[in-house]
Amino acid sequence: MNYSKFDVVVVGSGAAGLYGALCIPKGLKVALITKDMLNTGASDWAQGGIAAAISTDDSPQLHLEDTLKAGAGLCDRQAVEFLVENAADSIQSLVEMGVAFDRHQSQLSMTLEAAHSRPRVLHAADTTGRAIVATLAQQVLQRENIEVISQAFALKLWINEETGKCQGISVLKDHAITWIQASATILATGGAGQVFAQTTNPAVSTGDGVAIAWRSGAIIRDAEFVQFHPTALTVPGAPRFLISEAVRGEGAHLIDQQGRRFAFDYHPDGELAPRDVVSRAIFTHLAKTGESQVYLDLRPIEPEKIRYRFPNIIRVCQHWNVDLFTKPIPVTPAAHYWMGGIAVDTKNKTSISGLYAVGETASTGVHGANRLASNSLLECVVYASQLAKLEVDEEEKITPSETLTVTDNWVEHLELVNSIKNQLPDLMWHSAGICRTQVVLDSAIATVIEWRSQLLSLPLNQYVLNLLPQQAIEFNSVEAESQLKLYAETLNLLDIAYLILKSAAFRTESRGGHYRTDYPNTLAAWSKHTIIQGNNLSCVDI
Ligand SMILES: Cc1cc2nc3c(=O)[nH]c(=O)nc-3n(C[C@H](O)[C@H](O)[C@H](O)COP(=O)(O)OP(=O)(O)OC[C@H]3O[C@@H](n4cnc5c(N)ncnc54)[C@H](O)[C@@H]3O)c2cc1C
């Protein structure tokens, strides 16, 4: 890849990046870079569906109320209004592009999910995300103004020191680091579930966009709010595969070893209570009983319905020797969705001029302290559609003054990097997981700061953090690219851990996806966003 100039660079090819790239005016030249393959990301794994109040007995107002209620007092009303009012148009656009949502006769069929007051979740069996991503990716590949650059890892923002404006990004690809110059840089790098030992997220969810933006001074908002999904498959050796909420929506029971529907001990809505409540109920119940998992019993659902609605869940469970028609699925909670992210307005603008964020990477204010199920795919599409109004300034092309050839190989440092990368998720699961306390958070912060300083002392650092936009690099060693990628991802995860821990230690109350055993109550005085910029923490009114 040559040193290049585009009008817009989009980083990430999930629902947000793909849909955003398609919405950008066709007259603009777009680079879509992605660190793995075009379809790799959480969007491709989304199962349950996408929420939209489009049936006759539903309304954007009801969707708004449900979203605000789930968000536990921290949603930005204006952002939610924007989401629910634009939902119908976004669904229409997806249908026109060719996304084949399930239908009942000619009508789009909709299911009920937890904390929704109406059945409003559109789906394509239990692989809704795959149906959306496949369609969007196909469209992207046909677009002449979009150049897809796969296996390209975004490292660092290019900030103009005089103006403070973002004018592109450095990228690691094909044994080289180059700079992509662009008038608008759009981060759509998804979530950060990999910072936790137990997660439903794919391997690419390492919070890169948030870490990159934070290091350049962008405002990060509400980082303490993490949604832990109550029901991830728990079988030795298996990844924490999500058993969708829709399964409970269709009538599955959450039971313990004795077959008791224990969730009703914790909330009158039982297994259909909000996700944080159900996750905490499982966490508490397991601590009380000393058992290691609970179970999802699908036997109350008609077998025909299970076959029609959940073919992928059947397939994955079968693969792990769980026949869900005859026995309950073992499950426990896992980190699932990060409500925190780069603070943006309804046009996806961050606090840095020229830098935009969309999708799970962004904090639009839509989810507040807790996301309503199936609102995130909707947020990706509704907010990305705003990129249709993107205006960019014509900028002069800057070419690098030097290309350095580097022969380094950092094999002797990999043990330290790998050891930090392996230990961090356990540290985070135990300190910033479902239940948090000050003393444990403070101790984890100290560990993360120490690990970070160890990483920063390694020579790899100069290529990730200290390279100047005038410098391009070519590596002679074939291992250098994978070593640098490992280093950069580990550093990003450490920065994400720092942001979550610091914000969680700061908020001395419990709300939504942030639960403090030492401050179990929700306090009116804390009806504020947490803001972190550099090392400065503060809170601002909603
Ligand atoms: C198992 C599972 C099931 C879910 N089910 C639902 C559901 O039913 N409904 C719903 O609304 N939500 C669901 N969610 C949440 C939803 O899928 C995500 O919030 C949403 O898809 C995020 O989309 P995104 O485009 O922001 O990120 P992703 O889809 O995660 O895409 C991020 C992209 O950025 C790329 N990237 C990351 N870092 C870099 C870098 N440094 N350089 C270059 N590229 C980079 C990745 O490779 C990827 O292409 C689910 C999530 C999971 C994990």
Side-chain angles (χ1 to χ4, degrees), residues 9-21 31-52 111 113 121-124 126-133 136-137 148-156 169-173 180 186-194 199-213 227 229 231-233 239-246 249 312-313 316 334-339 341 357-362 367 371-381 383-384 464 485 488-489 491-492:
V9 57
V10 178
V11 185
S13 60
L18 290 169
Y19 194 77
L32 176 59
I33 75 163
T34 188
K35 71 177 172 181
D36 202 296
M37 306 304 285
L38 193 58
N39 60 352
T40 312
S43 301
D44 186 62
W45 287 18
Q47 299 179 1
I50 179 165
T111 195
E113 285 192 355
V121 179
L122 290 92
H123 45 82
D126 57 352
T127 46
T128 310
R130 190 149 301 160
I132 294 174
V133 168
L136 297 179
V148 174
I149 307 170
S150 304
Q151 308 281 1
F153 189 96
L155 288 173
K156 184 186 176 213
I169 199 153
S170 68
V171 173
L172 173 67
K173 179 177 170 63
I180 294 183
I186 296 161
L187 296 174
T189 52
Q194 289 298 326
T199 181
T200 62
N201 286 194
V204 292
S205 303
T206 49
D208 298 354
V210 177
I212 289 168
Q227 186 170 79
H229 198 287
T231 55
L233 177 69
R240 307 308 308 280
F241 174 75
L242 178 85
I243 309 294
S244 165
E245 194 123 64
N312 195 40
I313 294 178
V316 174
H336 183 55
Y337 184 86
W338 192 23
M339 275 72 74
V358 65
E360 193 167 338
T361 301
H367 306 299
R371 174 185 72 120
L372 184 66
S374 291
N375 264 357
S376 43
L377 283 175
L378 181 66
E379 182 196 34
C380 287
V381 178
Y383 277 77
V464 175
K485 191 175 164 216
E489 271 188 351
L491 189 62
N492 290 340

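For ligands, and for the atoms within them, numbers begin at 1 and follow the listed sequence. Here the structure is a predicted model, which means the values were calculated and not measured.
Protein residues are said to neighbour a ligand when one of their heavy atoms lies under 4.0 Å from it; for ligand 1 these are Val11, Gly12, Ser13, Gly14, Ala15, Ala16, Thr34, Lys35, Thr40, Gly41, Ala42, Ser43, Trp45, Ala46, Gln47, Gly48, Gly49, Ala152, Phe153, Ala154, Ala188, Thr189, Gly190, Thr200, Asn201, Val204, Asp208, Leu242, His336, Tyr337, Gly359, Glu360, Arg371, Ser374, Asn375, Ser376, Leu377, Cys380.
Partners of Asp126 under the salt bridge (charged side-chain N to carboxylate O under 4.0 Å, His left out) rule, at least two apart in sequence or in another chain, do not exist in this structure. In terms of the salt bridge (charged side-chain N to carboxylate O under 4.0 Å, His left out) criterion, residue partners of Glu245 (sequence neighbours excluded) are, by chain and number, Arg248, Arg275. By the side-chain hydrogen bond (donor to acceptor under 3.5 Å, both in side chains) test, Tyr383 pairs with no residue at all, sequence neighbours left out.
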**Asked** Passes side chain to side chain contact (heavy atoms under 4.5 Å, CB included), Val11 versus Val171? Steps please.
**Response** CA-CA 10 Å; Val11 185; Val171 173; over 6 Å; no

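Scanning all heavy atoms of the two residues, the minimum distance from Ile243 to Gln47 falls at C-OE1, 4.2 Å. Closest approach of Lys35 and Val204 over heavy atoms only: NZ-O, 3.1 Å.
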